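Below: one structure, written as structure tokens.
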Protein chains: 2
Amino acid sequence: MKKVKTNKRQLILDEAAKLFKERGFAGTSMRDLGAQVGMEAASMYNHINSKDEILETICFYVSNTYISHLTEIENTADSYVDKIKALIRLHIRLMVEDGAAVSVGNNDWKYLTGNKLAEFKEARKRYERGFATLIEEGIAAGEFQPVNVSVALFTILSAVRWVELWYRPGRGVSPEELEENIMTILLNGLAR
Amino acid sequence: MKKVKTNKRQLILDEAAKLFKERGFAGTSMRDLGAQVGMEAASMYNHINSKDEILETICFYVSNTYISHLTEIENTADSYVDKIKALIRLHIRLMVEDGAAVSVGNNDWKYLTGNKLAEFKEARKRYERGFATLIEEGIAAGEFQPVNVSVALFTILSAVRWVELWYRPGRGVSPEELEENIMTILLNGLAR
DNA sequence: CCTACCGATCGGTAGG
DNA sequence: CCTACCGATCGGTAGG
């Protein structure tokens, strides 16, 4: 009976996410990762099967998290404004709490290959379509301005996407303040 | 008399920007680039000095372009609303017209090393400070809502940053429509 | 979990 | 601008 899946595996995945965020997947060697984890590169192959598998695990962890939260939000009876607010809050929180993994899902998914690349793109498209539908229905319900749905979708997705690049909690702006300010700009606009 | 700088050099830089955008700097080999340009990897060294030099040239071309436009905008007598609008328009246009180089300046600058890395970060900080100052003065002048300046700055910078990732002209949304919609959301908000 | 090592590929140079 | 090649480093395996 083989027991391979220990918490060492999770440690490797966590450190990999941090290094991939800093240097990119292609810019991170298994020897770099080994040094960070505290073992030889070769030893990590007792816990993982390949460098590609690490990337896949992180990417699909992120896409699954986003999609399951989207499904929850879709099924509430809230107004469209509140649904979009909940999604914006979701993006900000995942980035504050698990910025390294989110960064990999945003930037390094392009190093996925074959089926996995296709599956990931599919998952992302499903998420974007669900998000877009909420905007579309919100416009139809008169809650939103009649903007182009795709432009609105990607403007929102992008606006919240870089929190993990520059936001450091405990330096002037609290997470609550961050959420509130971003929401104000996206929903009410910067201009008075 | 050595004449090294031909238009072949520019071809190499252009193809490099495209490949770096697609696969990242670390994920692009000089052999990949040679194949794209149409010569052997070794032959490109008659036009460029190193792979690093290619990256540096692209990154500083981008940062210099942004900074020189910012300086122009700072020196106009326009309202703060119009200045911010001009900056948003600048970002969108550079991305539509030269998306590959902008992408490298946004994502691959992290592979710069030593002095060049420090210089690039410095240039970016200078740009961000100038942009932030315009927002700050706009709030003081009563043109903008009293939001947190840093949050507003990065929300705007991020919101326009992904145009080059999903925007394809001639597919439903014209560049003018794109600019107008993004500006509406950022300045007036999505909600009615 | 380590040592020792594999074939492949990397950025770059020599020489023509 | 190409052929031929360099030392270094890559992801991964064998064997213990």
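Naming convention: chains lettered A, B, ... in sequence-line order (proteins, then strands); numbering from 1 in each chain. What you see is a predicted model, and the numbers here were worked out from it, not measured in a lab.
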Close side-chain approach of B:V160 to A:S158, heavy-atom, < 4.5 Å = no

Is it true that B:H69 and B:F131 have ring centroids separated by less than 6.0 Å?
-> no

Select one nucleotide: of D:dC1, D:dA4, C:dC1, the one nearest the side-chain heavy atoms of A:H47.
-> C:dC1

Please state how far atom CD in B:E40 lies from atom P in D:dC1, giving the value in whole angstrom units.
-> 11 Å

Nearest-Å distance for atom pair CZ/P, residues A:R31 and C:dC10 = 16 Å

Separation of A:D32 atom CG from D:dC10 atom P, in whole Å?
-> 6 Å

Do the side chains of B:M95 and B:H91 get nearer than 4.5 Å, heavy atoms only?
-> yes

Distance-minimising heavy-atom pair for B:S103 and B:K21 | OG-CG, 3.3 Å

Taking all non-hydrogen atoms of both residues into account, name the closest pair between A:L19 and A:L33 and its distance.
-> CD1-CA, 3.7 Å

For the side chain of B:M39, counting heavy atoms from C-beta on, which of D:dC1, D:dG12, C:dG12 is nearest?
-> D:dC1

Give the rounded distance in Å between these two atoms: CG of A:L33 and P of D:dG12.
-> 12 Å

OP1 or OP2 of D:dT9 sitting under 4.0 Å from any side-chain N/O of A:S29?
-> no

If we ignore angles and hydrogens, is there a donor and acceptor under 3.5 Å between the side chains of B:E53 and B:N49?
-> yes

Distance in angstrom units between B:R9 CZ and D:dC1 P, rounded | 14 Å

Nearest heavy-atom approach of B:P146 to B:I139 is CA-CG2, 3.9 Å

Intra- and inter-strand pairing of DNA chain C, written as dot-bracket with Watson-Crick and G-U pairs under 3.5 Å and | for the latter, reads ||||||||||||||||

Once you round it to whole Å, what is the distance between C1' of C:dC1 and CE of A:M30?
-> 14 Å

Find the distance A:Y45:OH to D:dA14:C1' and express it as a whole number of Å.
-> 14 Å

Separation of A:M44 atom CE from C:dC2 atom C1', in whole Å?
-> 13 Å

